[in-house]
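Only a predicted model underlies this, so the values are computations on that prediction, with no experimental measurement involved.
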Protein chains: 2
Amino acid sequence: MPKVEVPRKSIYRLSIYQRSRLKLIENNVETVSSEALASAAGVKSTQLRKDLTYFGQFGTRGLGYNVKALSRVLNDVLGTTSYQPVILVGVGNLGSALLRYKGFNKEGFEITAAFDLAPTRERRTEGARVPVYSANTMADFIRNHQVRMAIIAVPSEAAQNVVNELVEAGVQAILNFSPTVLQVPENVTVNNVDLALELENLSYFIR
Amino acid sequence: MPKVEVPRKSIYRLSIYQRSRLKLIENNVETVSSEALASAAGVKSTQLRKDLTYFGQFGTRGLGYNVKALSRVLNDVLGTTSYQPVILVGVGNLGSALLRYKGFNKEGFEITAAFDLAPTRERRTEGARVPVYSANTMADFIRNHQVRMAIIAVPSEAAQNVVNELVEAGVQAILNFSPTVLQVPENVTVNNVDLALELENLSYFIR
DNA sequence: AATTGTGAATTGATTCACAGCT
DNA sequence: AGCTGTGAATCAATTCACAATT
């Protein structure tokens with residue numbers, strides 16, 4: 001599987017295809033054309049086909065893609081076949097919010113533990129069943145449970161240090177909610193979600 | 001100001017330059033080179049210069065950019081000079097989380113009101129001072145307060161209808177947390193934040 | 001001497017156009 | 001006949017290289 005040279009955006013789209021496919025499977029469709037699936041996903045059919053052929057040939061000319069087979073391929077490529085434990089670091093404002101958010105579970109992820117400098121803060125975790133541990137137990141937890149993915153929602157000043165510790169302990173992929181540019185070794189992937197940035201960006205488009 | 005043909009990503013970067021600049025102003029620097037600012041922002045200096053020249057010439061050759069003047073330009077371009085009221089639609093899981101999140105305020109935005117089908121749901125808004133109103137008062141509120149920006153965090157099935165109502169009432173920019181592709185007229189801008197998608201995407205990069 | 005501003009070159013992503021299967 | 005797979009063409013964004021300016 002050629003992990004390199006595949007455009008980042010293609011991989012994002014694979015997830016979207018998977019979701020669009022979910023709707024189709026409900027309708028009991030056996031087979032789907034690139035045209036139909038692409039339009040459900042909001043892209044051009046050639047783009048869908050090109051995205052898929054980065055990973056092989058899965059369709060049947062004249063017919064389309066077998067829905068179940070396609071689903072399997074997408075799961076394989078995306079790595080969503082095997083369960084991945086995810087930890088959350090920083091149970092403040094946003095962090096506690098994310099703990100309660102059920103959208104992750106819905107798509108097959110589960111936050112197995114959370115870490116914070118002051119793990120016992122009041123009212124923070126009410127309603128969530130995820131345990132919150134002290135930050136100094138984090139590295140051990142990662143090693144013991146072979147955690148490869150982490151979500152960080154700590155103050156920006158703290159972010160780089162946390163990331164260093166995560167990487168050191170073996171984390172390979174980080175979803176970063178702290179508004180900072182993080183330095184990581186090249187075998188580690190960071191996806192940034194910057195809420196304030198998105199709002200600020202929108203304000204540009206209001207005239 | 002040539003709103004069109006400027007790459008979307010450039011505009012995102014302008015916000016990052018603004019932030020990086022904030023750190024520099026603290027250090028009382030009068031002037032800053034594209035090289036210094038770019039490296040603080042994590043980009044190449046030529047990219048910064050190109051990004052800026054979409055909007056004019058603000059530097060002095062041989063010297064760099066005046067920090068204060070640059071800040072003013074960035075605020076002007078981004079539209080962050082004038083205060084913008086923002087509403088939130090959907091006070092469920094994620095929505096109530098966003099209500100409590102203070103990061104928006106920090107960057108000069110404030111959620112002035114929230115709307116939900118069941119505005120009185122328990123414990124949802126404890127700790128937040130934002131009023132939650134019934135969804136059927138939304139359109140009036142938008143018109144009365146000239147709201148142009150909205151954050152939506154409703155279930156995906158509901159998202160398109162909500163968006164239609166927002167647009168109809170005059171909203172021009174939408175930050176969408178619902179995992180759906182939204183249809184909007186071309187004078188309306190949507191930024192999507194899809195948390196589950198980001199996680200799924202990361203799982204690709206774990207080998 | 002230092003640093004911006006910018007056309008030209010390059011790199012990257014998307015779309016086209018059509019050959020190749022079923 | 002219908003639809004995939006893909007090299008070639010186009011479009012977009014980034015980076016280079018250097019002339020222009022202080």
Side-chain angles (χ1 to χ4, degrees), chain A residues 1-17 20-21 24 29-74 77 181 201 204, chain B residues 1-17 20-21 24 29-74 77 181 201 204:
Chain A
M1 225 172 282
K3 295 243 170 180
V4 83
E5 11 93 339
V6 181
R8 217 31 157 35
K9 282 181 155 187
S10 291
I11 299 162
Y12 275 107
R13 284 192 298 263
L14 294 186
S15 294
I16 296 173
Y17 303 150
S20 309
R21 183 207 54 78
L24 296 173
V29 189
E30 268 263 316
T31 222
V32 64
S33 69
S34 60
E35 186 54 45
L37 187 56
S39 106
V43 303
K44 289 235 160 56
S45 70
T46 50
Q47 183 154 70
L48 183 147
R49 296 203 298 277
K50 179 125 303 179
D51 284 342
L52 290 179
T53 53
Y54 284 119
F55 302 97
Q57 305 180 179
F58 312 110
T60 312
R61 294 170 196 226
L63 241 179
Y65 300 90
N66 177 284
V67 174
K68 283 207 182 109
L70 182 62
S71 167
R72 214 172 312 121
V73 167
L74 290 173
V77 169
V181 182
N201 182 257
Y204 172 84
Chain B
M1 227 173 280
K3 296 243 170 175
V4 82
E5 10 94 338
V6 181
R8 213 42 154 29
K9 283 181 153 185
S10 292
I11 299 163
Y12 276 107
R13 284 192 298 264
L14 295 186
S15 295
I16 296 173
Y17 302 151
S20 308
R21 183 206 55 77
L24 297 172
V29 188
E30 268 263 317
T31 223
V32 64
S33 69
S34 61
E35 185 55 44
L37 187 55
S39 106
V43 303
K44 289 233 159 58
S45 69
T46 50
Q47 183 154 70
L48 182 147
R49 295 203 299 277
K50 181 128 296 180
D51 285 341
L52 291 178
T53 54
Y54 284 120
F55 303 97
Q57 305 181 180
F58 311 112
T60 312
R61 292 169 197 227
L63 241 179
Y65 300 90
N66 177 284
V67 174
K68 283 207 182 108
L70 183 62
S71 166
R72 213 173 311 120
V73 167
L74 290 173
V77 169
V181 182
N201 181 257
Y204 171 84

In this structure, how many angstroms lie between the [atom2] atom of [N] and the [atom1] atom of [X], rounded?
| X | N | atom1 | atom2 | result |
| --- | --- | --- | --- | --- |
| A:L48 | C:dA13 | CG | P | 17 Å |
| B:F58 | C:dT6 | CZ | P | 11 Å |
| A:L37 | D:dC3 | CG | P | 14 Å |
| A:F55 | D:dG5 | CZ | P | 14 Å |
| B:I11 | D:dA13 | CD1 | P | 10 Å |
| A:L14 | C:dA13 | CG | P | 14 Å |

Which atom names give the shortest non-hydrogen contact between [X] and [Y], and what distance separates them?
| X | Y | result |
| --- | --- | --- |
| A:V77 | B:Y204 | O-CD1, 3.2 Å |
| A:L48 | A:S34 | CD2-CB, 3.9 Å |
| B:F55 | B:F58 | O-CZ, 3.3 Å |

Worksheet entry | Minimum-distance nucleotide to B:S34 side chain [options: C:dT4, D:dT4, D:dG5] | C:dT4
Practice prompt. To the nearest 0.5 angstrom, please state how far the NZ atom of B:K9 sits from the CG atom of B:L14.
Written response: 14.0 Å
Worksheet entry | Side-chain heavy atoms of B:L37 within contact of B:L70, under 4.5 Å | yes
Worksheet, complete the sentence: Contact string for nucleotides 14-22 of chain C, one letter per nucleotide 5' to 3', B = base within protein heavy-atom range under 4.0 Å, S = sugar-phosphate only, - = neither, reads SBBB-BBBB
Discussion item. Donor-acceptor pair, distance only, cut-off 3.5 Å: does the side chain of A:S71 make one with the backbone of A:V67?
Written reply: no
Worksheet item: Is any side-chain nitrogen or oxygen of B:Q57 closer than 4.0 Å to OP1 or OP2 of D:dA20?
Response: no
Item to complete: Examine D:dA13: is either OP1 or OP2 under 4.0 Å from a nitrogen or oxygen in the side chain of B:Y12? Give yes or no.
Response: no
